[in-house]
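All remarks here apply to the structure that follows.
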Amino acid sequence: MCFSSLDIIVLFSCMSFCTWSNLLGCTFPNSPVVFEFHLKCNRVCSCLQVIHVACVCAGHNASRDVVTLVKSVLFHRRNPLHFHFITDSVAHQILSALFQSWMVPSVQVSFYDAEQLKSEVSWIPNKHYSGIYGLMKLTLTKALPADLSQVIVLDTDITFATDIAELWGIFRKFTDKQVIGLVENQSDWYLGNLWKNHKPWPALGRGFNTGVILLYLERLRRMRWETMWRLTAERELMSMLSTSLADQDIFNAFIKQNPVLVHQLPCFWNVQLSDHTRSEQCYTEVSDLKVIHWNSPKKLRVKNKHVEFFRNLYLTFLEYDGNLLRRELFGCPSPNSPQSIQSALEQLDEDDQCYDFRRERLTVHRVHLYFLQYEYLQADDTDITLVAQLSMDRLQMLEAICKHWEGPISLALYMSDAEAQQFLRYAQASEVLKNRKNVGYHIVYREGQFYPVNLLRNVALRNAPTPYVFLTDVDFLPMYGLYDYLRRSVVQLDMANSKKALVVPAFETLRYRLSFPKSKAELLSMLDMGTLYTFRYHVWPKGHAPTNYAKWRTATTPYRVEWEADFEPYVVVRKDCPEYDQRFVGFGWNKVAHVMELDAQEYELMVLPNAFMIHMPHAPSFDISKFRSSPSYRHCLSTLKDEFHQDMSRKYGSAALKYLTAHRSI
């Protein structure tokens, strides 16, 4: 018993969009008891059954695909969800970071190591492009928790067009003997008439497609499913030699022998968009369908009378703003809801002139690590990753940077969901970017009104795979050969056993077309001719003056420089350096504060005599335009600087006094 009759009025207030059909297991007897509003909301949530969804996901591409699937499920859902992901190490890293930063209320996520399950299926020869992971759905009774009785199993290339609770509700229609729910296969594959001598695995009629499965785990375990599917596979492999459609072949061979165990789902629960299917017979109107399955290798290029409608539906979720899915379910509190953040927000003074800046610091951005294929084998213990951040308006710099820096790169890209897809298409069309697998692209999804520059730098820094990092900006092109030169310098200056920050002198050009200097001598000649300039000498000389460019011209060995107020060089440091202070957003003081902390931690600033980088021209950013035009913006930046100095004093004591003195003398 969940509710009294008088509670029903409050029930609608708590969850106006929740239908009775979703209140699985709840009854409504008469009772005069009326509880507090928030308690009623909690009771609403507790009565809604948690829906369990399992997916096998391996690699970078599948990790992208599963996000679109999850978005479509979240968009329509009205129930709490528990996702169970069978993953390799790559997908685990990507999806755990994504869900942790996404913080969707009433969603729980569990991960299971695919590596530990490989031995269960590795003995099965499989010709399907999914490889060994295409067989792992067979192992779910063993992989998933023993107390989990039912689960919906989905391929990653699925798009939902309705509430998943409707599909979950079909479990109640199972007979006592039925253990698995499937949609009939909509191609002629199992009929064996696709080509001459085509010999598919045995199946019941047209067979069944395993892109959408209802598994009654409790019953499967009782009937010793693990033994039964193994016996089926061993028997059929004696003549078939290998599977062609991975787990689907074994499921179908099992059902052929045990037809009473399957519950056939209406075909609109798995509309299969592969070539030569009968999928169009599953619906009268396209609005009737429930689940779209892109099960052709051609994916969005598949032939179908209504493919344009299906493609647009898929693209809607592909580019849908995932931040909008963070809404509280039924207006009730959630265990994984960011309560601490909400509490901190409530403590902010909305009348504070700098409220927007302070609020930005509390914003939690969704992060999708390794958005593209990534492969890296560390060269040695001197290896260095170039670390930078960018947004859509700097994409054109990526190819040039990849040509100038052959080592690993870690980039944080600030984009909307739609822009991330534009970037994907851009990268896949670029021969230069396609051929570079040692570049980690980490998407930080856009939210809020400021550019979170230091958050982006920290995301890129945390995910650098090497002992050392070159902290730069994407507008700079490093000199040719800088990667190897820096690695030699790491050894020469014994950075493994000392706190040093190696300064790479920065220059700039105002020309969009530049014949890039191939040596220091050539750069000095261009400097003398006025083709190049020391960086920002005409607008912000203090930022790089301590580099001592006059000394650099003739230097042949590294030389030490002292910290000065507003110094913001680009440096090579050990990866365990302090992170950037994320209170600084937009334009101003974001690098200055970081270099100040390096100095406070007693890093030696060493200028490299044969290294350089050149800033390429670009239109002013939106944030620098706001800084220049808004007195309020400049006032808040000054306030944040004061607060940063106070924090430095508390953290480093008397050693931080020089920063406060220098700040006040400016």
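Only heavy atoms go into these numbers, but all of them, side chains included; no hydrogens, no water, no symmetry mates.
Side-chain polar atoms of Y414 and E419 form no donor-acceptor pair below 3.5 angstrom. When only modelled atom types and interatomic distance are considered, Y480 and H404 share a side-chain donor-acceptor pair under 3.5 Å. A donor atom on one side chain and an acceptor atom on the other are not found under 3.5 Å apart for E597 and Y603. For the residue pair D383/Y376, the side-chain donor-acceptor check at 3.5 Å is satisfied. One side chain, S430 or E399, offers a donor N or O that lies under 3.5 Å from an acceptor on the other.
Using bins of under 30°, 30° to 60° and over 60° for the plane-to-plane angle, the ring pair F516/F612 lands in the parallel bin.
Once rounded to the nearest 0.5 Å, the distance linking OH of Y468 with CZ of R487 reads 11.5 Å. Of the inter-residue distances, the one linking L461 atom CG with N454 atom CG reads 11.0 Å to the nearest 0.5 angstrom.
Here the two rings, on H442 and Y370, have centers that are under 6.0 Å apart. With ring centers used as reference points, F470 lies 6.0 Å or more from Y570. A ring-centre distance under 6.0 Å is not found for Y537 and Y549.
Shown are R64, R446, K71; of these, the salt bridge (Lys or Arg N to Asp or Glu O under 4.0 Å) with D417 is made only by K71.
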Margin query: Run the salt bridge (charged side-chain N to carboxylate O under 4.0 Å, His left out) test on R560 and E604 for me, step by step, so that the C-alpha distance in whole Å, both residues' side-chain angles and the decisive distance to 0.1 Å come before the verdict.
Written below: CA-CA 7 Å; R560 182 173 179 175; E604 291 182 73; 3.4 Å; yes
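The side-chain heavy atoms of V104 and F99, taken from C-beta on, include no pair separated by under 4.5 Å.
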